[in-house]
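In what follows, a single structure is set out as structure tokens and then discussed.
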Amino acid sequence: MIAMHFLQASVGWIRGLIAGQLGLAADALWVDLAIWLISALVILGVVQVGMLYATWLERKFLGRIQDRLGPNRVGIFGLLQPFADMVKMLTKEDITPAQAHRGVFNLGAILVVPPAIVVFAVVPVGIGLIATDLSVGFLFFISVASTAIIPIFMAGWGSRNKFAIIGAMRAVAQIVSYEIPQVLSVVGVLLLAGTLSTQGLTLAQGNGGAGDAIGYPGLWFVLIQPIAFVIFLLATTAEIERTPFDIPEAESEIIAGYHTEYSGLKFGLFQLSQYFMTIASAAMASILFFGGWLAPLPFLQRIGPLDLGWFWMGAKTIFFVLVFMWFRGTWPRLRSDQLMGFAWKVLVPLSLANLLMTGLIGYVTQSSTNLSGQPLLILLFFAVANALLLMATLWLIGWWRKNSERPRIRFEQAAAGELPPAEVAA
Amino acid sequence: MPAIPVWWYLMVATGLFSIGLYATLTRRNAVNVLMGVELMLNAVNLNAVALWRYASPTVSATVDGQSVQLLSTLDGQVFAIFVIALAAAEAAVGLALIIAVYRSRRTVELEQLDMLQG
Amino acid sequence: MSPLLLQQIAFMVLAAISLSGAWGVIRAHSVFVSALWLILSFVGVAGLYVMLEAGFLAVIQVLVYVGAISVLILFAIMLTEDVMGQAEPASQWPLAVLIVLPFFGMLAKAAFTADWQLSAGSVAPPEGASISAETAKLVTTAIPAEQGFRLPGQVVMLGRSLMTEHLLAFEVVAVVLLVALVGAIVIARD
Amino acid sequence: MSDNWGFIALFSLIALTVPIIGLLAAWLLRPHRPGPIKQTTYECGLETVGDTWLQFKVQYYLYALIFVLFDVETVFLYPWAVAYNKLGILALVEMFIFLAILAVGLAYAWRKGALEWV
């Protein structure tokens with residue numbers, strides 16, 4: 001069991017220190033406010049630095065994938081590149097089109113940032129190291145992230161540009177379509193953990209967490225919910241509009257989508273929020289499926305009195321950020337119809353099936369006493385069920401592809417000689 | 001213990017409802033009328049939740065050696081959740097109707113939709 | 001400054017947000033901007049839910065109203081209205097004012113004078129209300145310090161309540177959603 | 001109430017100031033030289049033709065519609081999932097009926113081609 005340790009104790013110490021400085025009792029309102037302010041600024045600082053270096057990491061990593069060096073001129077290994085970019089963004093001229101609806105246009109750029117920051121309030125990095133452990137934590141993340149479509153709409157409409165509005169419509173259609181598999185895939189995990197709190201979800205994957213009660217000691221959810229994990233990862237990639245799901249801003253098709261008209265820092269704000277959301281989604285993937293701040297092996301959890309939760313959380317987050325970048329480096333963009341079809345015809349039914357399976361196994365393992373407390377047997381149960389589900393899915397997709405007539409495009413029809421010559425010429 | 005008198009919430013709900021009613025009565029655009037209806041539904045929900053919070057019985061219980069005040073039901077929240085679900089269904093069908101009318105009549109101005117007049 | 005004052009300020013701000021959002025809906029010149037004001041109003045109401053200790057409902061309000069119903073409204077505007085279209089000034093506003101003002105007065109009077117039988121504040125359990133120790137464990141969010149583990153709180157209670165007392169309504173909602181889906185698809189497609 | 005929503009309020013305010021401070025800094029640093037040509041609508045250097053408004057296809061609305069109804073479904077799914085351990089077989093059956101009804105909706109939308117991007 002995780003005991004009180006150094007970091008938690010130090011929170012109390014900081015509390016006393018602040019109270020002493022202000023000359024107040026340790027439980028006064030002002031002390032609370034001061035602590036909130038400090039933790040808000042700390043989160044903001046960490047996230048800002050993380051965002052700056054995520055841009056650097058992306059350029060470096062994509063460079064490596066494409067067999068080139070990436071940024072290497074500003075500072076050693078180009079480490080100062082993010083700051084150079086920042087200076088560039090700040091000093092670029094900012095153009096507002098004369099046609100645009102000024103209020104909506106500017107407000108869209110401003111409002112795109114706060115949701116992407118606020119979601120970090122529920123990311124835990126250790127026992128007691130969470131800004132606010134809401135009992136609805138994960139749902140809070142989902143709903144705050146879902147508000148990001150409003151600024152996108154504002155950007156598209158406010159620009160009064162055809163490309164911007166098309167980009168916004170496509171972006172919103174894509175985001176809402178992938179939100180469903182994203183939320184449905186997680187239900188299995190919630191069912192096993194029995195809580196929505198992000199801290200509780202983390203602890204349920206450790207020894208002595210809530211999972212203990214129904215017999216899953218120390219198992220990361222990725223082991224018993226692999227299909228849910230894959231669905232979540234793909235849906236999240238689409239939610240944050242990263243390649244291969246970046247059709248709304250496909251620069252080779254509709255200029256730059258909803259941020260076509262933005263320049264200077266306002267364009268930067270859209271990029272900023274995308275990187276924030278990338279980091280937040282990576283953090284959420286590691287909380288839900290990879291044990292959050294829990295170490296892979298119990299003895300790696302702390303050195304002496306120092307809890308290493310923040311290290312493991314950071315490492316897992318960076319790992320998932322790299323996974324998102326790796327997607328971008330390797331996969332081509334999907335076609336619009338494939339994109340929407342994939343969400344509704346593959347991911348949603350699959351996550352419903354996964355939910356059904358988890359509910360049944362959860363019920364069986366919980367009601368029969370000889371199964372609980374035997375993690376290996378439960379692991380086996382879920383492994384078999386997941387494998388069966390995967391095979392059934394692949395078989396169904398194959399069967400469906402074989403038996404459904406794909407409407408062939410004119411080019412193919414012409415190649416097969418099915419069109420009259422006159423029409424081919426036209 | 002709620003420190004704010006309940007009528008503060010009820011007044012906000014009243015204001016929202018009245019504005020929503022005004023919107024449904026005066027706006028010509030059918031989408032705008034629907035927005036008014038959504039405002040009224042929000043007001044109803046706020047009312048229900050406020051009265052649930054203030055009027056549902058609290059019970060003192062001892063949990064882990066601490067005396068805590070508990071609300072004995074969550075009916076207000078359950079009610080509000082059902083209203084939200086029905087509001088979603090209503091908006092979906094209402095807006096589908098507006099779109100269908102627009103496709104045949106090329107307008108969503110309610111005053112021009114008089115095809116039922118003889 | 002006391003916690004009470006802070007709460008009252010928070011209430012004022014949230015009430016101002018939701019009411020000004022509603023006001024914007026009827027004052028805005030374009031339907032799109034109207035919809036944006038409506039979203040602001042939804043957010044304000046979510047904040048008021050938080051103040052009423054209905055955290056789950058607040059999150060649901062943001063998820064469904066801000067994240068979903070507003071998308072539906074914005075899409076419908078894009079599909080029907082000339083995007084930059086200017087709404088004409090309201091036509092029957094004197095009549096509407098004549099209806100709305102007395103209505104407002106009536107509701108406001110009722111809010112002040114009605115006997116709501118407020119019981120929050122009563123320390124003793126009221127007649128007939130009983131609560132089991134197990135339920136008590138569910139509702140509270142007290143954290144046993146040495147475990148560092150939070151009990152799930154209200155959400156569990158809600159889940160239970162939906163699956164037991166409100167089961168009929170719960171399944172009826174599923175049917176309503178299905179009918180709405182089918183109906184809307186039939187209506188919206190040509 | 002131990003849920004710390006006060007922090008969320010404070011954090012939202014701080015998060016809102018981030019882009020505003022950024023834009024103010026940029027406003028101080030950047031050049032201001034607007035021009036009529038510069039401020040035209042961007043369309044790869046060509047002059048904009050016609051209205052900004054495009055006729056969007058109803059497909060967008062159908063996706064939003066199905067999304068909204070499934071979103072409402074998650075509102076009911078989440079409390080169920082969290083309370084699942086304490087409920088037993090009846091809750092499992094009830095939820096499967098609920099999901100089955102909505103799956104019928106999805107199947108209907110699929111058959112009617114509402115999920116096709118045309």
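We use all heavy atoms of the structure for the numbers below, so side chains are in, but hydrogens, waters and symmetry mates are not. Chain letters run A, B, ... following the sequence lines, proteins first, then strands; residues in each count from 1.
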What is the minimum heavy-atom distance between [X] and [Y], and which atoms define it?
X	Y	result
D:Glu73	A:Leu352	OE2-CD2, 4.3 Å
D:Asp71	A:Glu179	OD1-OE2, 3.7 Å
A:Leu44	D:Val18	CD2-CG2, 3.7 Å
A:Val176	D:Phe67	O-CD1, 3.1 Å

Look at [options] and state which one has the largest set of heavy-atom pairs under 4.5 Å with chain D.
options	value
A:Ser146, A:Pro114, A:Ala116	A:Pro114
A:Met340, A:Lys92, A:Lys345	A:Lys345
A:Asp94, A:Thr96, A:Leu41	A:Asp94

Part of [X] within contact of chain D (heavy atom distance under 4.5 Å):
X	value
A:Val348	side chain
A:Ile110	both
A:Leu269	side chain
A:Ala121	both
A:Ile43	side chain

Tell me, for [X] versus chain A, whether the close heavy atoms (under 4.5 Å) come from the side chain, the backbone, both or neither.
X	result
D:Leu28	neither
D:Leu16	both
D:Leu23	both

TODO: Let me see the working for D:Thr74 and A:Ile142 under side-chain contact (heavy atoms from CB on, under 4.5 Å), right down to the final yes or no.
DONE: CA-CA 11 Å; D:Thr74 57; A:Ile142 289 286; over 6 Å; no
Name every donor-acceptor pair, under 3.5 Å, that has one atom in a side chain of residues 93-108 of chain D and the other anywhere in the protein, sequence neighbours excluded.
none

- [ ] Hey, could you give me the CD1/CZ distance between A:Ile117 and D:Phe11, rounded to the nearest 0.5 Å?
- [x] 6.5 Å
TODO: Taking side chain to side chain contact (heavy atoms under 4.5 Å, CB included) as the test, write out the residues that go with A:Met89, two or more places apart.
DONE: A:Leu265, A:Phe267
Task: Most chain A-contacting option - heavy-atom pairs closer than 4.5 Å, from D:Ile8, D:Thr17, D:Ile20 - done: D:Ile8
TODO: Measure the acute angle between the ring planes of A:Trp344 and D:Tyr63, then classify it against the limits of 30° and 60° as parallel, tilted or perpendicular.
DONE: parallel
Open item on the list: The test is side-chain contact (heavy atoms from CB on, under 4.5 Å); show your working for D:Phe7 and A:Ile35 and say whether it passes.
Closed with: CA-CA 9 Å; D:Phe7 176 80; A:Ile35 285 184; over 6 Å; no
Task: D:Leu77 and A:Leu184, any side-chain heavy atoms less than 4.5 Å apart - done: yes
- [ ] Evaluate the side-chain proximity of D:Phe70 to A:Val183: yes if any heavy-atom separation is below 4.5 Å, no if none is.
- [x] no
Task: Main-chain N/O of A:Val136 paired to D:Tyr78 side chain as donor or acceptor, under 3.5 Å - done: no
